[in-house]
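Given the structure is predicted, the values throughout are model-derived calculations rather than measurements. Values reported hereafter were calculated over all heavy atoms of this structure, with side chains retained and with hydrogens, waters and symmetry mates removed. For the single chain, residues carry numbers from 1 onward in sequence order.
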Amino acid sequence: MALGKNYDGQDCSFARALEVLGERWTLLVVRDAMYGVRRFGDFQAHLDIPKAVLSQRLGALVAAGVLERRRYQDAPPRDEYVLTPVGRELWVPVLALAQWGERHLAAPGGPRRLFHHVTCGTRLDPCSVCGVCGGAVPLEEVEVRPGPGLRDDTRGDLVSLALRTPHRMLAPIPDKMGATPEGRSYELGGDPVRGRAARAAR
């Protein structure tokens, strides 16, 4: 018997959230968007996800208001995908789920990613709280650093390469190692940052 694609018999917010986020690959797409992945090819290369599935997941997240599709090139037309404020609110549950996995399901070698407060360098707890500054840290103030479990990583896609060094969350993954394209921008603490200024802010 084929499983249904929704939870019609469950009238609760958790079930409605699962309708948006519960399909295979969806949370991994959201996680990568938090890392700063924006372009279809980068999502596909990093996740090893079938292109048709990725297209469907991106479209569903745009329709749900989690991602925004933005045109970055007119000829030929190409779009990138950016987290909306609604999508950014998923940071704490995504972090908590990742750290739960590190505690209970991780392979030997330790965590692959560590998340730190940019301001003071303190490692965050599973609720994105900084123990030194004493408050919740928003996604745009988080830096992801390679953990001990990443030591033997041999992946060669741009996302994997970028995440082998400290990387500010939401900062766009560069088109090539060592440079963020001048025409690309991201928001840092609510303020748009562009090109060379983006590199300096990181």
Side-chain angles (χ1 to χ4, degrees), residues 1-70 79-107 111-115 123-130 135-144 147 149-150 155 157 159-160 163 167-173 186-187 190:
M1 178 179 177
L3 292 175
K5 293 186 177 181
N6 51 40
Y7 301 90
D8 289 337
Q10 300 295 314
D11 186 17
C12 72
S13 297
F14 189 75
R16 288 190 286 273
L18 284 177
E19 288 189 0
V20 175
L21 301 168
E23 290 194 273
R24 187 180 183 187
W25 298 108
T26 297
L27 277 176
L28 292 176
V29 172
V30 172
R31 177 208 64 185
D32 275 17
M34 292 177 178
Y35 287 156
V37 181
R38 293 185 169 196
R39 298 187 177 180
F40 188 97
D42 290 338
F43 281 111
Q44 201 276 327
H46 188 234
L47 296 175
D48 294 320
I49 178 176
K51 291 182 179 180
V53 175
L54 177 58
S55 181
Q56 192 279 329
R57 297 297 186 268
L58 289 170
L61 288 168
V62 169
V66 175
L67 294 177
E68 177 188 354
R69 182 187 288 113
R70 295 180 183 174
D79 297 326
E80 61 183 11
Y81 299 85
V82 181
L83 282 170
T84 65
V86 171
R88 293 186 187 193
E89 287 185 24
L90 291 168
W91 162 236
V92 172
V94 167
L95 176 63
L97 185 60
Q99 296 203 3
W100 180 88
E102 295 286 8
R103 290 194 301 273
H104 301 293
L105 303 171
R112 293 173 59 82
R113 314 261 182 233
L114 304 175
F115 299 93
R123 187 176 174 185
L124 302 177
D125 76 4
C127 294
S128 195
V129 171
C130 175
V137 177
L139 178 60
E140 56 269 18
E141 295 180 18
V142 176
E143 182 177 73
V144 56
L150 201 65
R155 292 179 59 92
D157 63 276
V159 180
S160 296
L163 296 180
H167 178 80
R168 192 152 183 172
M169 300 291 276
L170 296 177
I173 298 296
Y186 66 96
E187 289 183 357

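- V20 and A64 make their closest contact through CG1-CB, 3.7 Å (heavy atoms, listed as atom of the first residue, atom of the second, distance).
- In this structure the side chain of S13 reaches within 4.5 angstrom of the side chain of R16, judged on heavy atoms.
- The nearest pair of heavy atoms linking E102 to P111 is OE1-CA, 3.2 Å.
- Within the model, atoms CZ of R38 and CZ of R69 stand 15.0 Å from one another, a figure rounded to the nearest 0.5 Å.
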task: Please assess L47 against R31 for the test side-chain contact (heavy atoms from CB on, under 4.5 Å), listing each intermediate value before the final yes or no.
output: CA-CA 11 Å; L47 296 175; R31 177 208 64 185; 3.5 Å; yes
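- Within the model, atoms CE of M34 and CG of L170 stand 8.0 Å from one another, a figure rounded to the nearest 0.5 Å.
- Between the CD atom of E143 and the CG atom of L124 there is a distance of 10.5 Å, given to the nearest 0.5 Å.
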Test side-chain contact (heavy atoms from CB on, under 4.5 Å) applied to M169 and L83, step by step: CA-CA 11 Å; M169 300 291 276; L83 282 170; over 6 Å; no
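- When side chains are defined from C-beta on, L95 does not count as touching V142, because their heavy atoms never get closer than 4.5 Å.
- Aromatic ring orientation, F115 versus Y35: parallel (interplanar angle below 30°, classes split at 30° and 60°).
- Considering all non-hydrogen atoms of both residues, I49 and Q44 come closest at O-NE2, 3.1 Å.
- Here the side chains of L21 and L61 are in contact, with some heavy-atom distance below 4.5 Å.
- Under the 4.5 Å side-chain criterion, counting only non-hydrogen atoms from C-beta, R112 is not in contact with L163.
- Note that CG of L54 and CG of D32 are 9.5 Å apart. Values are rounded to the nearest 0.5 Å.
- Listed for the R57 side chain is a donor-acceptor partner under 3.5 Å among the backbone atoms of R24.
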message: H46 vs I173, test: side-chain contact (heavy atoms from CB on, under 4.5 Å). Steps then yes/no.
response: CA-CA 11 Å; H46 188 234; I173 298 296; over 6 Å; no
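- Closest heavy-atom contact between R155 and S160: NE-OG, 3.3 Å.
- Put simply, the side chain of Y81 does not reach to within 4.5 Å of the side chain of V37, judged on heavy atoms.
- Between V137 and C130, the shortest heavy-atom contact is CG2-CB, 3.7 Å.
- Pairing each heavy atom of F43 with each of A33, the nearest pair is CE2-N, 3.9 Å.
- Residue-environment remark: CZ (R103) exceeds the threshold of 12 foreign heavy atoms within 6.0 Å.
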message: Test side-chain contact (heavy atoms from CB on, under 4.5 Å) on D157 and D42; report intermediate values, then the result.
response: CA-CA 8 Å; D157 63 276; D42 290 338; over 6 Å; no
